[in-house]
Amino acid sequence: MSNLSAIFKNHKAFIPFVVADDPDFDTTVANIVALAEGGADIVEVGIPFSDPIADGGVIQAADLRAFDAGVRTQTVFEIVAAARKQTDVPIVFLTYLNIVFKYGYDAFCQKCQALGVSGLVIPDMPYESRDDIVPTADKYGIDIIPLIAPTSGHRVEKIAKAASGFIYVVSSLGITGERNEFFNGLKDLVAEIKSYTDVPTAIGFGVHTPEQAKDMAEIADGVIIGSAIVDIVAQKKQAAPEAVEAFTKSIRSAVDEAQEARV
């Protein structure tokens with residue numbers, strides 16, 4: 001069992017997301033710490049990219065703000081290094097394949113290991129390309145976290161059987177962004193995944209309220225929230241950490257309710 005998988009053992013996990021260097025270096029560090037102190041089990045840090053095909057307008061706008069702040073891949077590593085002086089919360093990166101390829105698979109994964117980054121979510125990497133990076137990631141103890149969507153169809157089995165860390169279950173068709181309606185077959189999709197693997201599942205894309213988080217945590221082993229937190233950062237800017245922590249506590253409470261309902 002990987003370190004990430006172990007987090008879900010007898011525990012419903014909450015995984016919030018922030019974009020690195022939005023609006024600046026110090027605020028991102030403070031936001032990561034605030035997420036940890038608010039009760040996050042894993043913090044997902046997005047590495048800004050020029051063509052984030054899985055992301056909606058809120059996260060795309062955050063990427064642009066980070067570019068305006070001068071973000072580079074090295075900046076993201078430095079943000080994590082600074083956060084590590086204040087928290088040991090597990091961290092995963094959401095990134096796109098070209099960023100990792102350009103940096104160098106070995107150098108990137110080695111850097112992740114040194115900073116305690118436990119996994120990579122790479123939305124634009126198809127299952128068929130995973131062998132390009134997985135051997136290197138395995139060498140450094142980094143989980144490559146797959147996405148399974150309502151459209152995965154016959155590919156669910158092979159994706160699930162190859163998974164490690166946790167499986168990112170996409171709640172809906174389309175891109176990230178707050179929504180009020182989700183794929184109505186999520187419970188069946190999670191059940192299918194669990195028929196193939198013991199790797200935990202976490203549902204993301206569109207979840208943005210405590211009520212939704214509770215519902216999703218009752219279906220899966222955890223819940224991922226991104227755009228709602230990124231929107232708080234957009235509104236509050238350098239004052240975001242306090243609001244981010246308060247929001248995280250509200251979601252933590254909702255996820256804990258789902259845990260209690262299961263017992």
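Atoms considered below: every heavy atom in the structure, side chains included; atoms not considered: hydrogens, waters and symmetry mates.
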Looking only at atom types and distance, does a side-chain atom of [X] sit under 3.5 Å from a main-chain N or O of [Y], one as donor and one as acceptor?
{"X": "S250", "Y": "F247", "answer": "yes"}
{"X": "Q212", "Y": "H208", "answer": "yes"}
{"X": "K12", "Y": "A220", "answer": "yes"}

(request) Walk me through it: do I229 and L35 pass the test side-chain contact (heavy atoms from CB on, under 4.5 Å)? (result) CA-CA 10 Å; I229 295 169; L35 291 169; 4.2 Å; yes
(message) Quick check on side-chain contact (heavy atoms from CB on, under 4.5 Å): which of N3, I91, L4 does I42 satisfy it with?
(response)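 It is L4; the other options fail the test.
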I need the minimum non-hydrogen distance between [X] and [Y], along with the two atoms involved.
{"X": "P150", "Y": "L189", "answer": "N-CD2, 4.1 Å"}
{"X": "S5", "Y": "G165", "answer": "OG-O, 2.6 Å"}
{"X": "V29", "Y": "A82", "answer": "CG2-CB, 3.8 Å"}
{"X": "I224", "Y": "F166", "answer": "CD1-CE1, 4.1 Å"}
{"X": "D21", "Y": "G70", "answer": "OD2-C, 4.2 Å"}
{"X": "V255", "Y": "A213", "answer": "CG2-CB, 4.4 Å"}

Taking the side chain as every heavy atom from C-beta outward, state whether [X] and [Y] have any atom pair closer than 4.5 Å.
{"X": "S227", "Y": "I59", "value": "yes"}
{"X": "R155", "Y": "E128", "value": "yes"}
{"X": "T27", "Y": "K236", "value": "no"}
{"X": "F17", "Y": "V230", "value": "yes"}
{"X": "E242", "Y": "E245", "value": "no"}
{"X": "I167", "Y": "P146", "value": "yes"}
{"X": "I142", "Y": "V117", "value": "no"}
{"X": "L147", "Y": "V121", "value": "yes"}

(message) Strictly below 4.0 Å, N to O, side chains only: are E218 and K187 in salt-bridge contact?
(response)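 No, E218 and K187 are not salt-bridged.
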(message) Any carboxylate oxygen within less than 4.0 angstrom of a Lys/Arg side-chain nitrogen, looking at D41 and R252?
(response)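 The answer is yes: the pair qualifies as a salt bridge.
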Kindly list each side-chain donor-acceptor pair under 3.5 angstrom involving residues 92-102, sequence neighbours excluded, with atom names and distances?
residue, atom, partner, partner atom, Å
Y96, OH, A54, N, 3.2
Y96, OH, D55, OD2, 3.2

Starting at [atom1] of [X], measure out to [atom2] of [Y] and round the result to the nearest 0.5 Å.
{"X": "I232", "Y": "T248", "atom1": "CD1", "atom2": "OG1", "result": "7.5 Å"}
{"X": "K237", "Y": "D22", "atom1": "NZ", "atom2": "CG", "result": "9.5 Å"}
{"X": "K161", "Y": "Y127", "atom1": "NZ", "atom2": "OH", "result": "10.0 Å"}
{"X": "D26", "Y": "N31", "atom1": "CG", "atom2": "CG", "result": "11.0 Å"}
{"X": "D215", "Y": "L186", "atom1": "CG", "atom2": "CG", "result": "10.5 Å"}
{"X": "T209", "Y": "K214", "atom1": "OG1", "atom2": "NZ", "result": "11.5 Å"}

(message) If hydrophobic clusters are built by linking Ile, Leu, Val, Met, Phe, Trp and Tyr wherever their side-chain heavy atoms come under 4.5 Å apart, do V33 and I251 end up in the same one?
(response)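 No; tracing contacts between hydrophobic side chains, which count when under 4.5 Å, never links both residues.
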(message) Restricting to side chain to side chain donor-acceptor pair (under 3.5 Å), what partner residues turn up for Q235, sequence neighbours left out?
(response)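 So Q235 forms no side chain to side chain donor-acceptor pair (under 3.5 Å) with any residue.
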(request) Show your working on side-chain contact (heavy atoms from CB on, under 4.5 Å) between F8 and T201 and close with a plain yes or no. (result) CA-CA 9 Å; F8 295 80; T201 55; over 6 Å; no
(message) Under the rule for ring pair (Phe, Tyr, Trp, His ring centres under 6.0 Å), what residues qualify as partners of Y103, not counting sequence neighbours?
(response)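 F77, F108.
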(request) For salt bridge (Lys or Arg N to Asp or Glu O under 4.0 Å), just list the numbers for E78 and R72, CA-CA rounded to whole Å, side-chain angles, deciding distance to a tenth of an Å, and then say yes or no. (result) CA-CA 10 Å; E78 290 168 1; R72 297 291 184 270; over 6 Å; no
(request) Give the C-alpha distance, both sets of side-chain angles, the deciding distance and a yes or no for side-chain contact (heavy atoms from CB on, under 4.5 Å) between R130 and I122. (result) CA-CA 10 Å; R130 68 187 304 278; I122 309 176; over 6 Å; no
(request) Please test V45 against I79 for side-chain contact (heavy atoms from CB on, under 4.5 Å), starting from the C-alpha separation and ending with a verdict. (result) CA-CA 10 Å; V45 176; I79 285 170; 5.8 Å; no
(message) Side chains of D143 and S2 only: does a donor on one sit below 3.5 Å from an acceptor on the other?
(response) yes
